[in-house]
Amino acid sequence: MSLIANSVTKIYDKGRPSEVKAVDNVSLTVNPGEIYLLMGPSGSGKTTLITILGGLLSATEGVVTVNGEDITKLKENKLPKFRLNNIGFIFQSFNLLSALTATENVAVPLIAKGVSRKKSLEQARSLLKILGLENRSNNKPADLSGGEKQRVAIARALITDPAVLLADEPTANLDSKNGHEVMMKLCGIACEQNKSVIIVSHDSRIKEIAHKVLWVEDGKLTKEEEGNHKKVCPHENLV
Amino acid sequence: MLFIALKNLFQEKTRLLISVGGVAFSALLIIVLVGLYQGWQNKMGEYIRNLPADLWVAQEGSKDMFHSVSVISLEDENKIKSIEGVSQVAAFSGRQLEVDFNGKQAATYVVGFDTSSRVGGPLRVIKGKSAPSNGEIIIDKIFADDNDLEIGDRFPIGTEEFEVAGISEGGSLITFQYSFVTKEDAERLFKLQGVTNYFMVTLLDDSKSGFVAKRIKELIPSTKVFTRREFVDKNTEIVTETFLPIILVLVLIGFAVGVAVIGLTIFTSTIEKSREYGVLKAIGIRNSQLYLIVVQQALVAGVAGYLIGLGFAFSLSLVVGQFVPEFITLFRVIDIVWIFGATLLMAILAAFVPSRRIAHINPAEVFKA
């Protein structure tokens with residue numbers, strides 16, 4: 001099992017008058033190849049939850065297990081390496097490094113892992129080719145469209161072959177065509193590469209590729225429904 | 001991660017230019033100041049260092065050639081010659097004089113030397129006679145240029161006039177220069193009857209200098225004996241003691257300017273890219289790797305600035321030296337190396353604050369749109 005959250009709670013300013021319970025006793029299990037969609041109003045705690053699941057924020061209570069490792073027990077200095085090897089992040093505003101080309105952006109995590117620059121760039125080019133960006137690999141982010149930037153960000157998230165992908169509003173800054181394209185890429189990644197994918201989004205179209213849709217309100221999971229993944233996924237049908 | 005550092009650095013070319021320019025300026029300042037210090041110190045001692053004297057005998061209490069007077073009886077010359085291990089003894093007479101010439105004050109240190117043995121004469125004569133006759137004077141090139149003097153011109157000293165017979169080099173004392181007349185002229189000018197200022201002693205064996213110095217002191221108790229090194233140091237003390245503290249302060253200012261310029265430009269860049277650093281942290285890049293990016297940026301700017309500063313320092317000393325004779329620089333390899341080390345230190349110190357900033361970036365913040 002790729003990602004398990006068990007009774008996760010996050011309280012800000014605990015014990016103070018300003019105390020806020022951003023995540024309240026959340027439990028979920030995302031298996032390899034599954035896509036979970038977290039939906040809910042702004043301020044409901046979705047982003048806090050995803051940052052806890054990604055090991056970027058510590059939970060006040062509860063356990064998060066990624067790829068069999070309890071990340072709530074990992075020391076602060078061990079978390080970066082764990083994230084680098086096990087978790088891929090996709091952000092709403094792409095967050096590419098402006099000074100680097102698409103290929104270099106994708107290669108950064110591999111280089112950080114200690115893979116040679118030449119080999120990292122080769123792998124990055126291959127991945128960009130798979131994502132249909134072979135002709136844009138030498139362009140800097142400023143020269144790429146929103147859809148292209150998000151595909152570069154996806155490639156960056158995948159380059160270290162992580163077990164879990166966490167995507168925060170991946171289609172929010174994209175038009176419907178590019179949004180759909182990114183959705184289908186994420187769908188393909190989950191199905192073909194057997195990755196656990198959690199997407200936080202307001203975009204209800206993503207329900208189409210999700211196995212499950214979880215509703216978050218006031219930090220709690222209030223509703224769970226089946227997504228349409230099995231009905232629409234071309235990759236699933238191929239299998 | 002060096003490629004990220006380089007890409008970040010070259011992305012904003014104006015900022016890079018300011019950063020490199022600031023370091024270049026500070027390196028230029030430090031290199032030139034240290035070069036001037038070494039140049040002056042070397043120049044001040046050049047003449048004495050090159051005289052054939054292993055020991056200098058002065059009157060007890062005499063400090064150096066410029067700030068005190070030394071008078072020794074010429075009769076003592078034979079006593080010194082009689083000491084075992086002494087090869088040669090030569091009297092040295094000289095005095096600093098200031099002369100009204102062409103409506104301005106011309107300062108020179110006039111040396112009287114034995115023209116037959118040539119001991120104590122000019123180091124390098126570049127024009128005219130290599131030894132003056134009575135009534136003639138050899139002057140330094142800088143002195144000649146400053147006072148528009150040429151061979152054949154007449155130059156007054158006291159109530160007498162001397163004809164310029166030669167022009168020499170290697171006798172500059174920055175604020176004034178050595179001039180050379182015959183021993184007889186000097187004795188008359190300085191009213192030295194039966195006395196001289198110093199004895200220059202040449203030894204048969206350098207290692208016997210301690211023994212000979214001790215014997216001189218025993219035979220002539222009213223004297224003080226200096227080794228060549230000691231005498232050079234005494235006569236260049238004015239540079240080391242007067243200018244060194246000032247130069248040190250200016251070098252520190254140059255260093256601080258360098259740290260501030262690199263620090264500010266790298267810090268601004270770090271602030272601007274704090275979101276990108278946050279993304280890198282979120283992805284899983286360690287703080288140490290991010291610090292390295294900042295340090296590498298500072299080091300690249302530092303090394304580039306240093307090389308430009310070094311180039312400018314050499315060019316400047318060549319060009320300015322043509323127009324300002326007192327602009328004497330000596331660039332020693334050891335100084336070039338330590339200043340390079342100081343520049344690296346400058347860059348590392350400058351990277352400290354930006355690195356602290358990176359440490360405080362919360363990677364979870366990147367999820368905020």
Side-chain angles (χ1 to χ4, degrees), chain A residues 10 42 46-52 54-58 76-101 104-114 117 120-121 140-142 153 156-157 159-160 162 166-169 172-173 200, chain B residues 1-17 19-20 265-298 300-301 354-356 358-369:
Chain A
K10 177 69 187 179
S42 297
K46 306 184 296 293
T47 301
T48 304
L49 179 58
I50 202 175
T51 51
I52 292 170
L56 293 168
L57 191 65
S58 59
E76 193 78 24
N77 60 351
K78 302 277 180 203
L79 278 168
K81 193 178 177 189
F82 184 83
R83 287 199 298 270
L84 191 61
N85 290 319
N86 297 283
I87 304 168
F89 292 96
I90 299 164
F91 309 96
Q92 177 181 344
S93 45
F94 324 121
N95 285 335
L96 300 175
L97 306 190
S98 57
L100 308 189
T101 64
E104 288 164 342
N105 262 289
V106 176
V108 164
L110 271 191
I111 294 169
K113 275 183 78 171
R117 186 165 178 241
S120 303
L121 289 172
K140 288 194 175 166
R156 180 177 64 186
I159 191 94
T160 54
L166 300 175
D168 184 38
E169 301 281 6
N173 287 350
V200 167
Chain B
M1 290 291 156
L2 179 63
F3 84 103
I4 297 182
L6 290 174
K7 294 264 178 171
N8 278 349
L9 206 57
F10 285 95
Q11 188 182 22
E12 185 53 71
K13 292 188 176 60
T14 312
R15 188 185 291 133
L16 175 64
L17 206 66
S19 191
V20 171
T265 48
I266 300 291
F267 184 69
T268 318
S269 157
T270 307
I271 296 282
E272 273 178 22
K273 291 194 175 289
S274 54
R275 190 176 181 84
E276 294 189 2
Y277 284 114
V279 171
L280 290 171
K281 282 179 109 169
I283 288 171
I285 288 162
R286 296 188 308 275
N287 271 341
S288 58
Q289 289 174 302
L290 298 178
Y291 298 157
L292 197 62
I293 292 175
V294 174
V295 171
Q296 282 169 338
Q297 280 176 229
V300 170
S355 298
R356 295 270 303 164
I358 285 176
H360 289 105
I361 293 172
N362 179 5
E365 293 289 311
V366 295
F367 279 97
K368 289 180 181 168

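Letters A, B, ... mirror the listed sequences (proteins, then strands); counts begin at 1.
- Considering all non-hydrogen atoms of both residues, A:Leu56 and B:Asn362 come closest at O-OD1, 4.5 Å.
- For B:Leu280, the part sitting under 4.5 Å from any heavy atom of chain A is the side chain, from C-beta outward, and nothing else.
- In this structure, B:Arg286 contributes its side chain and A:Asn77 its backbone to no donor-acceptor pair below 3.5 Å.
- Minimum interatomic distance between A:Phe89 and B:Ile283 (heavy atoms only, all atoms of both residues): CD1-CA, 4.4 Å.
- Residues B:Lys281 and A:Arg83 approach most closely at O-NH2, 2.7 Å, considering heavy atoms.
- Ranked by heavy-atom pairs shorter than 4.5 Å toward chain B, the options A:Leu97, A:Thr51, A:Ile111 are led by A:Leu97.
- Atoms CD and NZ, on B:Gln289 and A:Lys113 in that order, are 12.0 Å from each other to the nearest 0.5 Å.
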Check: Could you go step by step and tell me if B:Phe3 and A:Val108 meet the side-chain contact (heavy atoms from CB on, under 4.5 Å) rule?
Finding: CA-CA 10 Å; B:Phe3 84 103; A:Val108 164; 4.1 Å; yes

Next item on the list: Give the intermediate values and the outcome of side-chain contact (heavy atoms from CB on, under 4.5 Å) for residues A:Leu100 and B:Glu276.
Entry: CA-CA 11 Å; A:Leu100 308 189; B:Glu276 294 189 2; over 6 Å; no

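- By the neighbour-count criterion of 12 heavy atoms within 6.0 Å, atom NZ of A:Lys81 is sparsely surrounded, having that number or fewer from other residues, nucleotides or ligands.
- Neither the backbone nor the side chain of A:Leu79 comes within contact range of chain B; no heavy atom of the residue lies under 4.5 Å from a heavy atom of that chain.
- A donor and an acceptor atom, one from each side chain of A:Ser98 and B:Lys273, are located under 3.5 Å apart.
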